[in-house]
> 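Shown below is the structure under consideration.
One is the number of the first residue; the rest follow in order along the sequence.
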Amino acid sequence: MSRRPASTQRPLAPTAPRRRPPLDPCTDSATTSAAAADVSATSGGLSPVSSLSKVLHQRELAYAARTSGRTVSSSRKANSTAAATNSRSVAPSGRRVRPVAAQVIRTPASQGLHPLSDGLSNATLRAYEERTLGAFDRIVPVLKRLSALQHETDFVAQAQRLAEAELGHPLPLQILETAWTSQLDMRTLFAWCVFEAYEQTSLGFFNDDPLASQAGSCAAEDFETFLLDCGFHLLDVTPCADGRLAHAIAYALRLPFSSVRRRSHAGAMFDVENTVDRWVKTEHRRYRESLPNPAHADTRYLKVVVYHFSSKDPCHEGCAAHGSDDKAAAAQGLQRLQDFQQAVENSFCCGASVDLLLIGMDTDTDAIRVHVPGRDGGTDLDHWLDARDVYEATRSLPEDAARARVHSLVEEAAASRPDAGMVQLVARLIEHNLSQIDYVRQYHGGSYSDFGHAERFIGVGIGFKEIHLRNLTYFAYMDTVEEGAPDLDVGVKIFKGLNVSRGLPIPVVLRFDYHGGVPGARERAVAHCERVKAAIEARYSDLCSQGLLHTLLTVRDRDRHVAAETVSSSITFNSGGGH
């Protein structure tokens with residue numbers, strides 16, 4: 001396989017060459033290393049949207065806003081630029097410098113932020129959001145330009161220069177070289193580019209730790225110590241699988257991803273039996289290894305549900321699993337929490353219990369509302385503490401006074417006399433969310449323009465630890481298509497509006513993580529991928545036969561901090577020749 005020129009060299013995902021066709025060895029290397037200036041000189045903006053669906057229009061508005069540079073104060077632009085530079089900087093010795101997100105530096109309130117808001121962290125997270133989502137959102141504009149070039153004499157060379165400059169990787173020659181005999185296969189090219197962007201996202205996440213939150217990081221160790229001080233030995237969070245909550249941990253709550261157990265489900269309706277099994281494994285490890293603390297320590301397992309609602313369009317853009325009914329989403333989330341608590345108490349004796357926490361999240365502003373429980377475990381569905389109210393009540397106070405006021409507001413909001421550790425934790429979550437409220441105000445005008453679904457691909461299976469960006473992925477967690485069919489059907493319905501309505505395929509990334517220390521685990525994970533892929537192709541055979549649904553099969557060793565490994569793809573190329 002031809003190597004990329006040094007000027008544009010990027011690492012491949014672990015087995016991406018299995019998906020990529022080999023480059024033509026006779027192709028002049030100069031065609032794939034042309035200067036980006038040649039391309040940028042002719043680049044244009046997005047073409048006007050005429051009759052596209054509402055969600056597609058929202059996505060393109062968001063992309064246009066990012067590329068045109070939404071007006072912000074010069075000081076914020078400087079912060080964003082400095083943070084983006086720092087997150088990629090390398091010390092003179094060649095050692096990577098820790099991203100700014102790992103540093104606790106506050107932006108002065110005089111710059112218009114809340115006194116408890118971490119403006120520099122906001123700038124770093126913004127740089128990561130733009131870099132990652134931009135890799136996906138540049139695909140359609142690039143393909144539109146390829147469509148206009150496909151009958152040029154030197155089309156292949158022009159296409160590769162454009163792809164290298166705008167997307168950072170070449171395109172499969174087998175598709176480009178047949179453009180002169182037929183129309184360019186845009187459906188396959190689109191899916192191929194989406195899968196490439198996903199592979200690079202996974203690789204960069206695990207190799208570079210852009211959120212500065214991997215296991216052993218300062219942020220992770222500090223939070224784990226804080227959590228134990230609050231009286232909890234594990235934080236298990238279930239957000240809804242809606243892509244608008246994919247960033248709930250790293251952005252909305254500002255928690256180190258490695259310190260939180262996250263498993264998304266449609267409507268936040270997690271599987272009670274599976275969660276009990278995970279509770280058992282956690283407690284067993286405490287008995288056997290004293291991790292994260294000894295079993296006799298007076299701490300609890302905290303289970304959290306994050307439901308969601310829409311302040312812009314509450315009757316249509318709320319949780320689809322609950323019919324956009326906020327009360328139903330909260331009530332059923334609490335019921336599922338209580339079912340889990342009762343299952344543990346009924347199955348195990350002598351103090352075997354869990355603490356529960358219910359959080360709502362506005363997908364338009366990322367502001368949270370917390371149903372603060374009492375010491376007796378009671379939760380009031382009709383009463384909560386809204387982070388936006390806390391923001392307004394504390395924005396004019398000095399930092400120390402604001403933090404004290406947040407603490408007292410949490411105590412006052414509890415359903416009954418609260419537990420001190422729970423108050424301490426909820427106050428920290430509220431404080432973190434104040435930064436996110438400022439983040440949305442700084443970079444999205446106070447609320448997201450793509451307030452509906454605008455996901456880039458469907459993630460199917462178990463895993464995706466590297467996905468922490470809003471509207472990047474619609475999750476359909478499952479072991480089999482049969483049991484996860486309702487969730488998957490919702491995802492396919494969403495993408496029929498986003499992609500199929502304009503002739504683009506639905507990209508589906510299958511993922512099953514495995515324990516590398518278990519003999520044969522990887523092979524079983526691969527076989528699992530193949531079975532689910534076959535079931536998906538059978539269930540959506542009409543889409544697959546038209547090239548309107550493509551799959552990428554990946555696995556990952558969950559015992560190591562490594563990127564997802566690409567196994568195979570539905571995109572194949574004929575080798576040609578022979579008999």
Side-chain angles (χ1 to χ4, degrees), residues 19 187-188 191 194-195 198-199 202 238-243 245-246 262-275 277-278 319-322 336 453 455-467 472-500 504-515 520-556 558 564-572:
R19 183 173 62 82
R187 292 178 179 178
T188 301
V194 170
F195 293 154
Y198 162 72
E199 288 176 339
S202 180
T238 294
C240 179
D242 190 307
L245 276 75
R262 178 189 68 163
R263 183 66 63 86
S264 302
H265 290 272
M269 296 290 96
F270 61 89
D271 186 285
V272 172
E273 286 78 9
N274 286 344
T275 307
D277 288 343
R278 290 196 293 275
C319 184
H322 299 291
R336 191 58 57 97
H453 287 281
E455 293 91 338
R456 278 66 174 178
F457 64 91
I458 297 177
V460 172
I462 299 174
F464 297 101
K465 187 176 183 178
E466 66 271 37
I467 302 301
L472 176 57
T473 311
Y474 173 86
F475 292 101
Y477 277 104
M478 65 181 70
D479 282 320
T480 65
V481 168
E482 289 75 16
E483 67 175 352
D487 289 356
L488 187 55
D489 287 345
V490 170
V492 170
K493 180 180 179 180
I494 289 170
F495 273 81
K496 282 183 177 179
L498 289 172
N499 289 13
V500 176
L504 293 174
I506 302 172
V508 179
V509 178
L510 278 70
R511 169 77 160 275
F512 286 96
D513 291 355
Y514 63 93
H515 290 285
R522 180 188 176 280
E523 289 72 21
R524 287 188 289 273
V526 172
H528 205 160
C529 277
E530 295 287 357
R531 284 195 301 272
V532 173
K533 175 192 174 185
I536 289 175
E537 291 176 344
R539 187 175 187 85
Y540 308 108
S541 58
D542 55 333
L543 293 173
C544 293
S545 64
Q546 300 174 64
L548 287 172
L549 190 151
H550 278 291
T551 54
L552 179 74
L553 279 60
T554 66
V555 296
R556 193 182 80 85
R558 66 176 65 189
E565 174 190 354
T566 298
V567 176
S568 63
S569 170
S570 60
I571 300 175
T572 58

> Just jot down the side-chain contact (heavy atoms from CB on, under 4.5 Å) partners of T480, sequence neighbours excluded, or say none.
E482, E483
> With sequence neighbours excluded, tell me which residues meet side-chain contact (heavy atoms from CB on, under 4.5 Å) with M478.
V460, A476, V481, L488
> Does R263 come within less than 4.0 Å of D271, counting only side-chain N to carboxylate O?
no
> Set out, in order, the CA-CA distance, both residues' side-chain angles and the distance that settles side-chain contact (heavy atoms from CB on, under 4.5 Å) for H453 and K493, then state yes or no.
CA-CA 11 Å; H453 287 281; K493 180 180 179 180; over 6 Å; no
> List the residues meeting side-chain contact (heavy atoms from CB on, under 4.5 Å) with V490, not counting sequence neighbours, and say none if there are none.
Y474, I494
> For T238, check side-chain hydrogen bond (donor to acceptor under 3.5 Å, both in side chains) against everything at least two apart and list the hits.
K303
> Look at R522 together with E565 and state whether they make a salt bridge at an N to O cut-off of under 4.0 Å.
yes
> Could I get the full list of side-chain contact (heavy atoms from CB on, under 4.5 Å) partners for E523, not counting sequence neighbours?
none
> Using the test ring pair (Phe, Tyr, Trp, His ring centres under 6.0 Å), find all partners of H528 that sit at least two apart in sequence or belong to another chain.
F512
> At their closest point, which heavy atom of E466 faces which heavy atom of S202, and how far apart are they?
OE2-OG, 3.1 Å
> Among Y198, F495, F195, find the residue that satisfies the ring-ring contact (aromatic ring centres under 6.0 Å, His included) test when tested with F457.
Y198
> For Y477, which residues count as a ring pair (Phe, Tyr, Trp, His ring centres under 6.0 Å) partner, sequence neighbours excluded?
F475
> Are the side chains of E455 and T473 in touch, meaning some heavy atoms are under 4.5 Å apart?
no
> Please name all residues satisfying salt bridge (Lys or Arg N to Asp or Glu O under 4.0 Å) with D479, sequence neighbours left out, ordered by chain then number.
none
> What is the minimum heavy-atom distance between K465 and R511, and which atoms define it?
N-NH2, 4.1 Å
> Apply side-chain hydrogen bond (donor to acceptor under 3.5 Å, both in side chains) to T551 and list each qualifying residue two or more places apart in sequence or on a separate chain.
none
> What pairs with R336 under side-chain hydrogen bond (donor to acceptor under 3.5 Å, both in side chains), at least two apart in sequence or on another chain?
none
> R278: which residues meet the side-chain hydrogen bond (donor to acceptor under 3.5 Å, both in side chains) condition with it, sequence neighbours left out?
T275
